[in-house]
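By convention in this document, chain letters (A, B, ...) are assigned in the order of the sequence lines, proteins followed by strands, and residues within each chain are numbered from 1.
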2 protein chains.
Amino acid sequence: MLTERQKMILNAIVDDYITSAEPVGSRSISKRGDVGYSPATIRNEMADLEDLGYLEQPHTSAGRIPSHKGYRYYVDHLVPWNSAESAELDTIRAFFAEKLNATEQVIQHAAMILSNMTNYTSILLGPEVFHTSLRHFQLLPLDDRTAVAIIVTSTGQVENKTVSIPPEISLSEMEKVVNLLNSKLVNVPLYKLKSQLYSELGEEMQRHIAHYEELMKVLDTALESDHEQRIYLSGATNMLTQPEFKDVDKVKDILDLLEETPTLLKMLAPASGGTGMQVRIGMENKHEAFANCSLITATYSLDGKALGSIGILGPTRMEYARVMGILGILSRDLTAMLAHWYK
Amino acid sequence: MLTERQKMILNAIVDDYITSAEPVGSRSISKRGDVGYSPATIRNEMADLEDLGYLEQPHTSAGRIPSHKGYRYYVDHLVPWNSAESAELDTIRAFFAEKLNATEQVIQHAAMILSNMTNYTSILLGPEVFHTSLRHFQLLPLDDRTAVAIIVTSTGQVENKTVSIPPEISLSEMEKVVNLLNSKLVNVPLYKLKSQLYSELGEEMQRHIAHYEELMKVLDTALESDHEQRIYLSGATNMLTQPEFKDVDKVKDILDLLEETPTLLKMLAPASGGTGMQVRIGMENKHEAFANCSLITATYSLDGKALGSIGILGPTRMEYARVMGILGILSRDLTAMLAHWYK
DNA sequence: GGTTAGCACTCATCTAACCAGAGTGCTAAC
DNA sequence: GTTAGCACTCTGGTTAGATGAGTGCTAACC
């Protein structure tokens with residue numbers, strides 16, 4: 001347990017380091033208006049904080065920088081929660097005032113806004129189709145062997161996939177099935193679609209349809225992969241402006257990882273159910289390349305279920321308070337907007 | 001007009017510089033097996049070539065590097081055209097052997113293959129819907145104010161857009177129009193769609209439909225913006241491996257430009273009709289950030305009309321011969337594949 | 001006992017000086 | 001026309017010293 005004075009000093013060091021990116025010395029802390037102690041006293045406390053693991057020293061004669069544990073403590077106990085500047089609130093308000101009417105467009109645009117506002121990299125996870133429901137299904141023949149399957153969800157997203165059709169299946173059969181599907185499965189959540197396809201329609205189809213097996217296979221692949229969420233990345237190059245990444249080799253690893261969509265998907269997957277804000281510091285991200293990065297994520301949701309995430313990636317030395325404030329507001333407003341659209 | 005010997009020397013210098021990234025001196029040229037002259041002779045020729053503007057010298061006691069004019073000459077007259085290594089041919093062949101059945105997927109995948117194979121950045125321009133024709137049109141109501149418009153093209157691409165519906169238009173009216181559209185305008189090239197909409201259907205619709213004006217506006221926006229082509233970028237971080245870009249500030253400008261999709265669209269737009277290969281060196285790209293980059297592009301086409309482009313961006317000191325060889329083959333094979341699919 | 005002034009010590013960073021090496025241009029000889 | 005020889009130039013790397021920020025420790029102070 002830290003004393004009040006230790007908290008105050010840790011807080012001051014993190015704040016200073018966040019803005020300056022330089023190790024901070026006892027003298028500069030002591031000179032701050034709200035600190036009533038001499039450099040020597042601060043030094044003693046700093047030595048203690050280092051022993052406790054909250055600070056570290058790049059080399060003997062340098063100031064201190066926060067350790068991962070130090071950042072963790074800062075984020076968990078010290079971050080001031082008031083930090084949403086009015087200018088930023090205005091930007092967000094202006095963003096929601098624009099009339100955009102497709103969910104995906106909103107998310108994409110939000111990514112840009114976020115990276116511009118924060119000067120970090122924004123990573124947004126597009127809405128999870130999984131929890132939205134079927135609005136309309138269509139199978140449109142392109143030639144005698146292939147067709148394009150189109151799924152429209154209740155949120156107006158359109159997913160499409162090209163499938164190949166076995167020659168023994170006739171056009172009229174396909175039409176029958178698609179009609180059946182549309183009459184019985186509309187408003188079923190996509191994640192239940194396949195199971196309901198079998199349970200509700202299986203019997204009926206087996207009766208009316210000649211090539212049941214083959215047809216089912218086609219539908220299976222048509223409905224299959226549409227659960228892939230999209231990643232919207234913006235401001236990746238903002239990483240290059242951070243002084244800790246002025247070395248090309250280090251930043252290459254980071255940018256390389258940002259090109260790996262599957263990795264990002266995993267990283268942003270909404271933490272099991274919770275809708276709170278997550279801060280992952282350094283190696284908590286489980287990737288060597290992100291050892292000196294922090295990722296802050298929040299979720300937006302519909303009907304209480306997380307639909308997707310919005311995240312900001314920056315150096316561990318990142319403006320936690322400001323970013324958390326912005327993400328909090330934006331995720332809340334996105335959720336509100338979705339609720340307003342689709343209730 | 002350059003003498004044969006001058007060409008030979010210029011060629012040797014460009015080749016050397018491309019692989020080493022260091023200014024090349026007279027001695028190293030003279031030592032090459034195929035050159036029968038002493039360093040002194042080479043030096044004289046190099047001085048001449050510098051006077052003519054084909055070479056430049058970073059400083060007095062350094063070797064020479066090719067100038068923009070030098071690269072231009074190299075590309076226009078000296079590039080050896082045989083350079084498609086068998087290993088690379090195999091990779092491309094393997095790529096086309098995979099069964100991918102959606103045009104967009106192929107392009108996206110091709111982008112990765114290209115950047116991996118070349119270790120440069122690949123920029124591909126997705127197929128231009130413009131010259132494909134309408135396969136199916138649909139307007140699907142989401143709620144009483146909005147609907148999603150879906151356009152399926154003859155190449156199986158699905159474009160969708162959310163539009164808002166004025167309250168005075170009824171569902172049945174909309175259905176009527178959509179049916180009309182599907183019966184009369186299927187197989188019309190998308191770029192003629194709007195004009196034919198007016199010329200062929202205008203009269204008939206005006207007769208049958210109550211709110212003609214409003215409905216036309218809806219259709220207009222529904223058909224409007226679907227001409228946007230997609231950019232597929234891969235290997236942007238390969239730029240960071242080039243020694244000339246080891247300075248973060250320089251490379252930041254380049255990567256920033258790569259995030260600007262509209263700029264890339266303009267840059268890759270198939271050069272007026274031609275299907276040949278284009279090489280733009282340094283400032284020929286019209287962007288300060290690309291002053292030390294070269295962009296090589298080729299097009300793929302359907303029915304003799306360019307559908308999109310594939311391009312490689314690298315430093316001006318780039319392996320022109322190899323890249324041009326690869327792009328040539330890939331664009332040819334892409335075109336062949338499209339012709340095979342959609343004829 | 002907690003706090004602070006004083007001081008010796010450490011270590012990264014900056015500068016200047018120097019050296020080695022690569023490459024040139026010129027001259028004179030072949 | 002070609003080449004050997006040589007003086008000259010400029011970069012890059014290394015070393016040595018000076019600078020200064022910051023520390024830890026001790027002893028004095030309240």
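Residue A/H59 has its side chain nearest to C/dA12 when only C/dA12, C/dT24, C/dA5 are considered.
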Report all interatomic pairs (protein N or O, nucleotide N or O of nucleotides 13-17 of chain D) with separations under 3.5 Å.
none

Below 3.5 Å is the cut-off: list the nitrogen or oxygen pairs between protein and nucleotides 6-10 of chain C, distance only.
{"residue": "C/dG6", "atom": "O6", "partner": "A/R43", "partner atom": "NH2", "Å": "3.3"}
{"residue": "C/dT10", "atom": "O2", "partner": "A/S61", "partner atom": "OG", "Å": "3.2"}

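Inspection of the B/T237 and A/D256 side chains reveals an N or O donor paired with an N or O acceptor under 3.5 Å.
Atom CG of B/L268 sits about 5.5 Å away from atom OG of B/S309, to the nearest 0.5 Å.
Between A/S38 and C/dT4 there is a side-chain polar atom (N or O) within less than 4.0 angstrom of OP1 or OP2.
Between B/Y71 and B/Y17, the ring-plane angle classifies as tilted under the 30° and 60° cut-offs.
Rounded to an integer number of Å, the gap from CE of B/M46 to P of C/dC26 is 14 Å. Counting to the nearest Å, the C1' atom of C/dA22 and the CD1 atom of B/I65 are 16 Å from each other. As rounded to whole Å, 11 Å separates atom P of C/dC11 from atom CD of A/Q57. Atom P of nucleotide D/dA4 and atom CZ of B/R27 are separated by 12 Å, given to the nearest angstrom.
A heavy atom lying under 4.0 Å from DNA chain C marks none of the residues of residues 8-25 of chain A.
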